Amino acid sequence: MDDEELEMLDDDLDDAELQAIADSLDEETLRAMEEALQEVEAENNRVKSDDELLASYIKEVTLAEELAAFKDLTQTPPEGVTPERAAEILAKPEESPFFESIRSVKGKKDVYYYDSDNMTEHFAKIQSIMQEKDILESIASAARHDCKIYPRPVKMTAMMDSPYFFTKGEIFAALEGMKQTEEYQDIDTVTASNGKICIYSSKYMSKKYAQALCEEMEVEWINHL
């Protein structure tokens, strides 16, 4: 039984029920439970430093599969931390032992913080783009990542699934917008024989190679299922 379970047990039972449980336990077990409850109480009453409070908040946000933006952390920091103090901590996070697993990713609009023990750098990058609602960058980043790392183009249907959930219309509009934007001139599409579309980056693979992979992913693999 962990500390949280002991605390819940203490909250849910009345005095008579607690006494009945105590009477059924041997002295060693009872003493261990009492010590555990005392440790929980001591932890709850312990005064936490500003950097610990800030790091704990970032970790909580990460567990919800979100990122903590610098703007939010310094304008509306967690209770007990002033905006000025939050800015000071984030200016030199390496000085705090509580920030050992805290990482940051720079977006176009802000810097975002996350706990690397519970989120990968790649997912954090995706989340930063999603939080900025930048569909062009989302699609381009996914295509460049997959073409470089795997390598393979990105199925257009993958951009309609988690964590993106873009509609087909939004994706087509974004692809058209990329044609007019200098920084996305490497992003293009190929079409399999069944009409399925894949998106690739010419920085990392040729159109011919992307075409072959798209056909393999969308036709040959599916036919072998």
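On a predicted model such as this, the values are computed, not experimentally measured, just so you know. The residues of the chain are indexed from 1 along the displayed sequence.
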Can you find a pair of side-chain heavy atoms, one from [X] and one from [Y], that are under 4.5 Å apart?
X	Y	value
I129	S141	yes
E137	Y184	yes
V219	K196	no
T62	L67	no
S56	F98	no
F99	I58	yes
M130	Y164	yes

Check: Would you say E121 has more than 12 foreign heavy atoms packed within less than 6.0 Å of its CD?
Finding: no
For residues 70-81, which side-chain donor-acceptor pairs fall under 3.5 Å, sequence neighbours excluded?
residue, atom, partner, partner atom, Å
T74, OG1, F70, O, 2.8
T74, OG1, K71, O, 3.3
T76, OG1, D72, O, 3.1

Check: Okay, side chain of K168, backbone of T157: is any donor-acceptor separation there less than 3.5 Å?
Finding: no
Note to self: What I want to find out is whether K108 reaches E183 closely enough, with some N-O distance under 4.0 Å, to be called a salt bridge.
What the structure shows: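 Answer for the salt bridge query: yes.
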Check: Any chain of hydrophobic side-chain contacts (each under 4.5 Å) joining V154 to L175?
Finding: yes
